[in-house]
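Below you'll find the structure, written out as structure tokens, and then a few comments.
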Amino acid sequence: MQTLTVELGERRYPIHIGAGLLDRADLIRPHLAQKRVAIVTNTTVGPLYLGRLTSALKNAGVEVLPIVLPDGEIYKNWETLNLIFDALLTHRAERKTTLIALGGGVIGDLTGFAAASYQRGVPFIQVPTTLLAQVDSSVGGKTGINHPLGKNMIGAFYQPRLVLADTTTLDTLPERELSAGLAEVIKYGLIRDRPFLDWLEANMDRLIARDTAALAYAIRHSCENKAEVVAADERESGSRALLNLGHTFGHAIEAGMGYGVWLHGEGVAAGTMLAADLSRRMGNISQADVDRVARLFKRAGLPTVAPNLGVEAYLNYMAVDKKVEAGRMRFVLLRTLGECYVAADVPAELLRQTLSEAVARG
Ligand code: NAD
Ligand code: GLY
């Protein structure tokens, strides 16, 4: 097992990464305020892993309330959030009852938001079971739900007490979901870690083949990057925005296509290609750099051509991006491969060129 820490003062918390951690109630028990938890999961992950986690906790004397939600990005909404509150109230969950998110980013984001708002805040633990959740969404405390007009538009910053990533859960992950997680892994290399980007280029075939050591290395390195960024700027007043490379475009793709049609990681990959194209038009990187990024996404099994939503639809969805300030769009752009910055001065003409060329191809 490897352990990292998200350094947030009195709210600092550990990330444990390793094989078989679902059975390690001893790692969870010290973080519980009472011997009672609610485990929130879904109809796919529940049958696979709820039994194991529940038995481990029961053997440690912890009472478990299971809450099983429907599976899918389309359910990351108010109605599903309310199912969590219904169960918590029906079973008289208290302020000291810990919510445990067992699943991917959808379950993590929903459960975290429920924990932030139930009785104005109850303790919360992340047990991520997708690659995307193990390298990104379980760390950093962004929680929330989608709105038809904008992705992740309703939510709260609310940190977990613990992240427990059992790498063996990735054995059952569908290929397409593994690829989606790799989009966020590649993101860390592109935004701030050139040696990691080089490592990914050298080791992508091992990752796709689910080589255990390669996956463990990638998860650890990704969490280290994420933990450093979050510790420096928890509420995204500055540098945390870099974690959103490709997301302004990607969120437009997800909302525009209908939630769940394109996976989050797929939207991020195609969105990053749009950000790379815009970075080239701004004079930062060469076409050869853009092609190099595309090759890496392709090897990871990810799309590199954005769908044709129409230029105006892209612009409308992007206008509600969380980085918009005083009505002005801001973009995370590549300065070079391995370094990004937030640009508030992108000429509208260049953005239109990027979008119109993309929709002509998509
Ligand atoms: P997801 O939660 O929908 O999980 C993907 C699919 O895999 C689902 O069908 C799920 O049931 C299934 N699954 C999960 N674990 C499994 C396993 N071990 N074996 C078999 N199937 C399994 O998707 P995701 O990619 O994990 O997360 C995407 C979500 O995360 C998006 O909503 C995105 O906005 C959010 N996100 C949040 C943050 C954050 O910082 N909070 C960061 C990145 C993404
Ligand atoms: N996934 C973006 C962030 O956590 O800030």
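Both counts, for ligands and for their atoms, begin at 1 and track the order of listing. Predicted, not measured: the structure shown is a model, and the values here were computed from it.
- Contact of the Ile107 side chain with the Leu102 side chain is not registered, since no non-hydrogen atoms from C-beta on lie closer than 4.5 Å.
- One N or O on the side chain of Asp193 and one on the backbone of Phe196 form a donor-acceptor pair closer than 3.5 Å.
- Of the listed residues (Thr172, Thr41, Asp166, Thr169), just one forms a side chain to side chain donor-acceptor pair (under 3.5 Å) with Tyr49, and that residue is Thr172.
- Contact check on Arg192 versus Glu228 returns a salt bridge, with a Lys/Arg side-chain nitrogen under 4.0 Å from an Asp/Glu carboxylate oxygen.
- Between Arg299 and Glu201, none of the side-chain N atoms (NZ, or NE/NH1/NH2) sits under 4.0 Å from a carboxylate O, so this pair counts as no salt bridge.
- Side-chain atoms of Tyr13 and Gln159 form a donor-acceptor pair, as typed in the model, at a separation below 3.5 Å.
- No more than 12 heavy atoms of other residues, nucleotides or ligands lie within 6.0 Å of CD1 in Ile74, so this atom counts as exposed by the packing criterion.
- At a heavy-atom cutoff of 4.0 Å, ligand 2 is surrounded by Asp136, Lys142, Lys226, Glu236, Arg240, Leu243, Asn244.
- Taking the six-membered ring where tryptophan is involved, the planes of Phe113 and Trp78 are tilted, since the angle between them lies from 30° to 60°.
- Listed by chain and number, residues touching ligand 1 at under 4.0 Å (heavy atoms only) are Asn42, Thr44, Val45, Leu48, Tyr49, Asp71, Glu73, Lys76, Gly104, Gly105, Val106, Asp109, Thr129, Thr130, Leu132, Asp136, Ser137, Lys142, Lys151, Asn152, Thr169, Thr172, Leu173, Pro174, Glu177, Glu184, Lys226, His264.
- When only modelled atom types and interatomic distance are considered, Thr167 and Gln134 share no side-chain donor-acceptor pair under 3.5 Å.
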